[in-house]
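Report on the following structure.
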Amino acid sequence: MIDDDQSLIRSSLVYLKQRVKRIKHTRCVFGPSTLRKCVVAVVIFSIILIIIYSRQTRTPYLAKFIKSNTRPEPNIRCGVEHGLRILQNHDHKTDARLKSDPKVLVFVETIFSKLGKDIAELLVHTRIKYKVEVTGKSLPVLTNLDKGRYGVIIFENYNKYLQMDNWNRELLDKYCREYSVGIIGFIPAEDETYVGSQLKGFPLFIHTNLKLKDATLNAASEILRLTRAGETAWGDLPGNDWTIFKANHSTYEPLEWAHRNDFFPINESMFLSNKLFRISCNRLNLAGGVKTPLPTVIQDHGLFDNIQRIIFGSGLKFWLHRLLFLDSLSYLSHGHLSLSLERSILVDVDDIFVGDIGTRLKPDDVEALINTQKRLSASVPGFKFNLGFSGKYFHHGNSEEDKGDDLILENVEKFMWFSHMWNHQQPHLYDNLSLLMDDMVLNKNFAKQHRIPIDSGYSISPHHSGVYPVHDLLYIAWKKVWKIRVTSTEEYPHLRPARLRRGFIHRNIMVLPRQTCGLFTHTMFIDKYPGGREKLDESIQGGELFQTIVYNPINIFMTHMSNYGNDRLGLYTFESVIKFVQCWTNIRLTSAPPLQLAENYFKLYPRESDPIWGNPCDDVRHQKIWSKNKSCDSLPKFLVIGPQKTGTTALSTFLSLHPSIASNVPSPTTFEEIQFFNAQNYLRGLDWYMSFFPSDTNSLTRYFFEKSATYFDGELVPRRVHALLPYAKLITILISPAKRAYSWYQHTKAHRDNVANNFSFHQVITASDAATKDLRDLRNRCLNPGKYAQHLERWMSYFPQASIHIIDGDQLKSNPIEVMNELQKFLKITPFLNYTEHLRFDKRKGFFCQVKEGSTKCLGRNKGRQYPPMEERSLKYLQRYYLSHNTALVKLFNKNGIRLIPKWLKEDLSDQNDTDS
């Protein structure tokens, strides 16, 4: 092809030369005929060049002549290359951190305010606990016994702190002094400009609404820990609403300075005639265009009123303020809210050998990859690019690109390696384990043939298919073929927002969060980068990519082979951002193999080991990488959540009489209950759960439900249910908690429980914490579910009250037809079933049973047992025990507009009141 192109070019040049000669030898008179000939020649030559250019996209010949060299080169330079990084021991730790909890209280103007959201998002990203309060007439509770609830107080609008009424201001200031709690405040942007205005009650003056540039830091400040001083952030600072400070007390010390971006527009006559205005301008160095550094962030050491504060003259739009904000949290919390300075970074290069001609690596690209890796490893110990391969596409380029493939394999030992699929197929498309494993074996054999290491224990699925949402066949095949222990994905729990990406463990495979860097498969040329080089540099120099490294202790970045050819944007991006991190922070960057990173990650965040299964149908991206044989229609529409011994089995039986409703198929271990959300079954995954709701296209069932009575008081259950079934409806049954406790005791006794058979009911419920574990466990199972208000509030923190239907258990027993009618209305079930034809009171059993073929069919002999009456002393003890809980339940009902208070609840409260009187 190259020879053909050269021949075509030569013939075109000869033709053009001949046309020029003819024109030369003609008279210099441009008649219509000559002009037409010239135009035709130019058009023909242009068409030939277009054809040549289109063909050169598939050949390297002439590429360097056709495309100008726009390849960017890293240009980050540190002003202080080898200076001291931290002047002293800046861990910020003092004994005062023991006085309060490591939590932040954030006061915002409204729940929709921009800066408030920015603060909350940054705290989420760095996993710092916080509570948001809208500034109002009263303060939240600040103490818990002898300890403060918050280590730092933040005011989105510092003026709200200055303008607090005397009572709340004195209360908050007293709390800050007694518990050594500091305050962070932000001066808000306002339409009115203030010049030399004094902050209320403080010897501090401000000038607002300024445009600034060229920010620098105070290298002597004890606040700086994460942030490294010595550099200047050149250029305009974002916004034209900056505030600068001028202090009149030794308690204040600047943390950041900047310069005016323009001269202050002062009216000359106003300056000469207004003495007060002139004094203010001189005080702030604004007159006459003086360009002295202006404090934009200032520290109050607490010498004025014994409270330490850090005040920002602008919000978090400026990237450097995000670093200073984190350092301020660390400093004011006495090291309690400090981030580690250790960061690990791993750069995955996906799709090695995969790509169209023109997107693949040539020998000089491979050499650049090796040379860049060598430079980076000098500043990032252990750094190696991690190459992911699909062997099927080896040598699928042109001759130069195939040489690039060969050069990669000649240097195989210089990189880390991991496997993709052989044919780059998405694993969720496989429903046959053997076929999936066969594909993996082909890639493994390719690796062995070319000396690629096969023991990394790490693999990446194409497009993250099957990792999350989980396709169990992928995990099984990975372990069988590759002995995989680690993978990573950008999809858990969702791609966006990136700050919420987390890790989890499934089938003993550790899944790490994977980060994006702004480069994608098609990102090959800087002049075609969305927003151009300026946009990429913005991400590198303080923007999203830089902040990703700062906020996350362990970073696995996704890139693609195509990012390392052509303009080599992958090399430019990571060499630049690593240099920028080292210039502006005291972060210590290292790298390590994926298995080591995974072990470190789950040591840092052990609570993330257990996943939170989300609903794949709530995310368009997840639907695309989820098996088409799975359907969200198989998930239940409502749950009967308990608690135990309140009539949940009877209710489940009554619901199943409806032709449009079906329960789950029985579990071999837990019988009619799946007990998915509150037990080890949850770790089996979504595929396991959905297997209990088989979809049948010929079935009339439109509403699946499940009943697990232990869900009601499970601490983790509401969050788990909401993640998977956010729109589900919930049904709970409440009876007298004292009767429920006694019924549970009798239930365990009937099942020959050793503790129940050896201890009386009164001994169980009055057992102390010094009792044996078995006795304490039985006591807790008797008593804890009856704390109804506590458990309902937990559910209501995830689900609206309109999604929760509370049934009076006594009414269910005495008048189930009316209860079922109300329940059908709540569930909006159609068709409406007339339960008078399906339920009948059974005198022998003493409760309602279902009607089948004209006769009643009741629950098994274990249901509806007759127990000996409860001892009076036990009843009185339980009424006292549940008094506060029952009172809270009444308040909860009133708060949520539930007007009908159950009869048993009134009786329990009135009986206790009678006893007290």
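Below, each value reflects all heavy atoms present in this structure, side chains not excepted, and no hydrogens, waters or symmetry copies.
Looking only at distances, no side-chain donor or acceptor of D101 sits under 3.5 Å from a matching main-chain atom of K103. Judged purely by atom type and a 3.5 angstrom limit, R97 uses its side chain to pair as donor or acceptor with the backbone of T94. In this structure a side-chain-to-backbone donor-acceptor pair under 3.5 Å is present from T208 to Y194. Not one N or O on the side chain of N144 forms a donor-acceptor pair closer than 3.5 Å with the backbone of R149. Checking side-chain atoms of Q515 against main-chain N and O of N555 turns up no donor-acceptor pair under 3.5 Å. Between the side chain of D327 and the backbone N or O of L226, at least one donor-acceptor pair lies under 3.5 Å. Proximity of a side-chain donor or acceptor of R621 to a complementary backbone N or O of H494 within less than 3.5 Å is not detected. In terms of modelled atom types and a separation under 3.5 Å, the side chain of N218 and the main chain of P254 share a donor-acceptor contact. Formation of a donor-acceptor pair under 3.5 Å by the Y601 side chain with backbone atoms of G503 is found in this model. A donor-acceptor pair is defined here as one N or O able to donate and one able to accept, closer than 3.5 Å; no such pair exists between the side chain of H722 and the backbone of S797.
Between E793 and K895 there is no salt bridge, since no side-chain nitrogen of the basic residue lies less than 4.0 Å from a carboxylate oxygen of the acidic one. For the pair R588 and E342, the salt-bridge criterion is met [side-chain N within less than 4.0 Å of a carboxylate O].
Ring orientation note: the planes of F799 and W795 are tilted relative to one another, at an angle of 30° to 60°. W613 and Y468 have parallel rings, their planes meeting at less than 30° on a 0 to 90° scale where 60° marks the start of perpendicular.
For the salt bridge (charged side-chain N to carboxylate O under 4.0 Å, His left out) condition, the pairs that include at least one residue of residues 493-502, sequence neighbours left out, are E121-R499, R496-E544, R502-E608. Listed by first and then second residue, the ring pair (Phe, Tyr, Trp, His ring centres under 6.0 Å) pairs involving residues 102-136 are F107-F155, H125-Y551 (not counting sequence neighbours).
In this model, no donor atom of one side chain and acceptor atom of the other lie less than 3.5 Å apart for E490 and T516. The closest side-chain donor-acceptor pair between H92 and S330 falls under 3.5 angstrom.
In terms of heavy atoms, P140 sits closest to L105 at CG-CD2, 3.9 Å. Of all non-hydrogen atoms in H321 and S314, the two that sit nearest each other are ND1-O, 3.5 Å. Smallest separation of non-hydrogen atoms from R720 and D610: NH2-OD2, 4.1 Å. Counting all heavy atoms, side chain and backbone alike, F186 lies closest to G315 at CD2-CA, 4.0 Å. Closest of all the heavy-atom pairs between F312 and S328 is CZ-OG, 3.9 Å. Shown here for F602 and S609, the closest heavy-atom pair between the two residues is CD2-OG, 3.8 Å.
Annotation: F504 is in aromatic contact with Y492 [ring centroid separation under 6.0 Å]. The aromatic ring centroids of F574 and F557 lie less than 6.0 Å from each other.
Distance CH2/W242 to CD1/I187: 12.5 Å, rounded to 0.5 Å. Expressed to the nearest 0.5 Å, how far CZ of R343 lies from OG1 of T590 amounts to 10.5 Å. Taking CG of N157 as the reference point, atom CG of N159 lies at 4.5 Å (rounded to 0.5 Å). Atom CG of L500 and atom CG of L495 lie 11.5 Å apart (nearest 0.5 Å). Rounding to the nearest 0.5 angstrom, the gap separating the CG atom in L545 from the CG atom in L536 is 8.0 Å. Taking CG of D241 as the start and NZ of K211 as the end, the distance is 11.0 Å to the nearest 0.5 Å.
Test N168, D173, T135 against Y161 for side-chain hydrogen bond (donor to acceptor under 3.5 Å, both in side chains) and you get one pass: D173.
With sequence neighbours excluded, the residues forming a side-chain contact (heavy atoms from CB on, under 4.5 Å) with R794 are E715, P718, Q790, H791, listed by chain and number. In this view, N306 satisfies the side-chain hydrogen bond (donor to acceptor under 3.5 Å, both in side chains) rule with no residue, not counting sequence neighbours. Considering only residues two or more places apart in sequence or on other chains, R177 meets the side-chain hydrogen bond (donor to acceptor under 3.5 Å, both in side chains) condition with none of them.
Under the 4.5 Å side-chain criterion, counting only non-hydrogen atoms from C-beta, L332 is not in contact with I183. Residues T227 and L326 have side chains not in contact (no heavy-atom distance under 4.5 Å, counting atoms from C-beta outward). With a 4.5 Å cut-off on side-chain heavy atoms, V152 and H336 do not count as touching. Between L204 and F245 the shortest side-chain heavy-atom distance falls below 4.5 Å.
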Show the atom names and distances, to 0.1 Å, of all donor-acceptor pairs under 3.5 Å that link a side chain in residues 295-302 to residues at least two apart or in another chain.
from	atom 1	to	atom 2	distance (Å)
T296	OG1	E256	O	3.3
T296	OG1	E256	OE1	2.5
Q299	NE2	H301	ND1	3.4
Q299	NE2	Y331	OH	3.3
D300	OD1	T251	OG1	2.6
D300	OD1	G302	N	2.9
D300	OD2	R309	NH1	3.0
H301	NE2	E253	OE1	2.7

